Every structure is written in C-alpha cells, then in structure tokens.
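Remarks on the structure that follows.
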Amino acid sequence: MGRVIAVANQKGGVGKTTTSVNLAASMAATKRKVLLIDLDPQGNATMGSGVDKYDVPKTAYELLIDEEPIDQVTVKDTSGFFDLIAANSDVTAAEIKLMEFFAREVRLRNALAPVRDYYDYIFIDCPPSLNMLTVNAMAAADSVLVPMQCEYYALEGLTALVDTISKLASVVNPELQVEGILRTMFDPRNRLSSDVSDQLKQHFGKKVYRTVIPRNVRLAEAPSFGKPAMYYDKTSNGSKAYLALAGEIIRRHEEEAQAVVVD
C-alpha cells in the first residue's frame with residue numbers, strides 16, 4: 001500500500017508548495033508512481049506542475065464534493081511526470097460545502113482508498129491554515145511532512161503545529177504521525193539559521209531530515225516556467241537537495257519496513 005504524506009505548515013511562505021512539487025517530481029524520477037493532490041485554493045502546486053489552473057476541467061472540488069471517481073479528476077500529463085489532482089478557486093467553495101456533509105472529515109480518505117495500492121507515494125499540498133481541507137488531508141494521511149524556515153517565529157509555530165497534529169490524531173486519525181521536519185531556505189552563513197537548526201535537532205532528533213533545502217534562485221524561478229526545479233535546472237543546488245530528500249525518505253521507509261519484518 002502506498003504512503004500518503006501531507007505537506008503542511010500553518011505558517012505561509014515556508015516552502016510548502018515548493019517542497020510538494022519538487023519532492024513529487026524527485027520521487028517520480030526514481031521510478032515511483034506518484035500522485036500530488038493540490039488542496040490549496042491558490043493552485044500554486046497545480047501551476048508549478050505545468051497545469052493551467054484556469055483551464056483544468058476538474059479539480060479537488062469534484063473529488064470531495066461531487067464524489068467523482070479519482071481517475072476522472074486526475075491529470076496525467078504534468079511537467080514533473082507525476083499524476084495530479086488540481087486546485088483553483090473552486091476549492092474554496094469545497095471548503096464551505098464540506099460543512100454540509102456527514103463524515104466530512106474523511107471524504108478525501110474515502111476517495112483515495114481505490115488508488116492506495118496503485119501509487120507508491122501520494123503527497124497532499126495543504127493550505128496554510130487549519131481548515132476543513134487540512135483536516136481532510138490529515139485524516140487521509142499516514143504522516144505529515146513539515147517544511148520550516150530556521151527562524152524563531154517558525155520554531156514557535158512548529159510547536160503549535162505538532163500539538164495540532166496530536167489533537168487531530170486523537171480525533172480523526174489515530175495512525176497519524178510526524179513524517180519529518182524539513183529545513184528550507186537554509187543559509188549556513190546566517191548564525192540564527194544554525195542556532196535554530198541545532199534546537200530543532202535537539203528537540204526532535206531523528207525526525208529532522210539530514211537533507212537541508214538551501215536558498216536557491218532556481219527553486220524560486222522554476223514555478224514561473226511551470227516546471228519542477230529538476231526539469232528547469234537539474235544542476236542547481238535546489239534540484240540536488242530535493243533528489244537527496246527523496247532518497248532519504250525512501251531509505252527511511254525501507255528501514256521501517258525491514259524493522260517490522262524482523263519484529
């Protein structure tokens with residue numbers, strides 16, 4: 001069964017969508033079958049995947065509200081060579097409409113059930129707020145990947161987010177856990193970045209990925225060309241970092257699987 005990972009942080013501007021798109025592309029480059037679900041009404045992950053959010057026929061709205069089969073709302077032709085469930089402003093209406101339904105928290109989980117065995121990885125790009133869309137993502141996910149900048153405000157926000165994940169787990173998804181904490185926009189010349197990074201490792205230990213995503217112009221430019229960074233400039237430090245992250249995540253999951261077999 002595939003792994004479902006929600007990419008979430010209640011704080012905006014931390015590289016959440018950049019991570020969703022580039023990690024999906026990097027996993028696809030390792031020959032894994034990957035689905036990226038854009039649940040952010042801004043549709044940035046959709047545009048960054050080379051899909052026009054203004055012209056896409058169906059989005060996450062049809063999946064969540066109309067309960068259309070997942071293969072009917074999936075875009076197969078993306079610039080990152082992964083499958084995509086797109087988002088645009090219609091998804092804002094989905095958040096409101098969800099409030100009308102019984103068992104509204106698990107509609108995404110139910111929609112994904114038929115394809116969990118088909119995909120190796122399903123990534124969910126969450127909105128930068130705790131709303132019904134984010135709750136659906138958390139209910140459907142096995143784990144949450146948290147991108148964050150190494151600054152003190154982000155450190156405070158991380159504590160709140162981990163608390164939120166714990167509360168959601170107790171209500172909608174007992175299996176939910178923190179997949180890992182990813183340091184983004186990292187500048188090793190900045191003393192503050194290094195100090196916060198050390199605190200992260202002290203408090204969260206192995207949950208902090210060894211891979212660090214640097215500040216990188218190519219990562220920032222790639223979305224305007226509708227491509228993941230590795231297909232915009234594969235030699236850039238940003239591209240290499242996300243490929244390294246994909247490798248680290250795969251190794252972790254393989255080690256977990258081996259540990260289960262041994263037990």
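Worth saying up front: this structure is predicted, and the values here are computed from it rather than measured. Keep in mind that the numbers below use all heavy atoms, side chains included, and drop hydrogens, waters and symmetry copies. Positions are given from 1 along the sequence.
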By side-chain hydrogen bond (donor to acceptor under 3.5 Å, both in side chains), Ser239 pairs with (sequence neighbours left out) Ser236
Self-check item: same_hphob_cluster(Ile122, Met27) at 4.5 Å side-chain heavy-atom cutoff
Solution: no
| field | Residues Gln177, Ser143; criterion side-chain hydrogen bond (donor to acceptor under 3.5 Å, both in side chains); working and verdict | value | CA-CA 5 Å; Gln177 59 183 316; Ser143 55; 5.9 Å; no
Donor-acceptor contacts under 3.5 Å from residues 164-171 side chains, at least two apart:
from: Thr164; atom 1: OG1; to: Ala160; atom 2: O; distance (Å): 3.0
from: Lys167; atom 1: NZ; to: Asp163; atom 2: OD2; distance (Å): 3.2
from: Ser170; atom 1: OG; to: Lys167; atom 2: O; distance (Å): 2.6

*Indicate, with yes or no, if Val144 and Leu158 share a hydrophobic cluster defined by side-chain heavy-atom contacts under 4.5 Å among Ile, Leu, Val, Met, Phe, Trp and Tyr.*
yes
* Would you tell me whether Thr211 and Glu248 have side-chain atoms, one donor and one acceptor, within less than 3.5 Å of each other? => yes
Do Asp120 side-chain atoms and Gly2 backbone N/O form a donor-acceptor pair below 3.5 Å?
no
If hydrophobic clusters are built from ILVMFWY residues whose side chains come within less than 4.5 Å, do Ile37 and Leu23 share one?
no
### Task
Take Tyr121 and Phe82 through the test ring pair (Phe, Tyr, Trp, His ring centres under 6.0 Å) and record every step on the way to the result.
CA-CA 10 Å; Tyr121 285 96; Phe82 49 78; over 10 Å; no
* Any link between Leu145 and Val212 through a network of hydrophobic side chains (Ile, Leu, Val, Met, Phe, Trp, Tyr) touching at under 4.5 Å? -> no
Here the salt bridge (Lys or Arg N to Asp or Glu O under 4.0 Å) pairs for residues 213-233, sequence neighbours left out, are Arg218-Glu221, Arg218-Asp233
Hydrophobic cluster identity match, Tyr209 and Ile250, side-chain contacts under 4.5 Å: yes
Should we say atom NZ of Lys31 is surrounded by more than 12 heavy atoms from elsewhere, each under 6.0 Å from it? no
Q | Side-chain touch Val135/Met132, heavy atoms, less than 4.5 angstrom | A | yes
Self-check item: Lys97 atom NZ, neighbour heavy-atom count above 12 within 6.0 Å
Solution: no
Start with the C-alpha gap between Thr18 and Tyr242, add the side-chain angles, then the distance that decides, and say whether side-chain hydrogen bond (donor to acceptor under 3.5 Å, both in side chains) holds.
CA-CA 10 Å; Thr18 298; Tyr242 276 110; 5.6 Å; no
For this session: Would you confirm whether Lys53, through its side chain, and Ala86, through its main-chain N or O, come within 3.5 Å as a donor-acceptor pair?
Result: no
- Heavy-atom count around Arg210 CZ within 6.0 Å, excluding the residue itself: above 12? no
Side chains of Thr17 and Asp125 only: does a donor on one sit below 3.5 Å from an acceptor on the other? yes
Requested in this report: Answer yes or no: is there a donor N or O on one side and an acceptor on the other, between the side chain of Arg107 and the main chain of Arg104, under 3.5 Å?
Outcome: no
Residues passing the side-chain hydrogen bond (donor to acceptor under 3.5 Å, both in side chains) test with Lys201, sequence neighbours excluded, are none
Sequence neighbours excluded, the answer for side-chain contact (heavy atoms from CB on, under 4.5 Å) partners of Asp71 is Pro69
Below 4.5 Å, heavy atoms only, C-beta onward: do Pro223 and Phe225 meet side chain to side chain?
-> no
> Ser79 side chain to Ser49 main-chain N or O, any donor-acceptor pair under 3.5 Å?
Replying inline: yes
The side-chain contact (heavy atoms from CB on, under 4.5 Å) partners of Ala111 (sequence neighbours excluded) come to Leu63
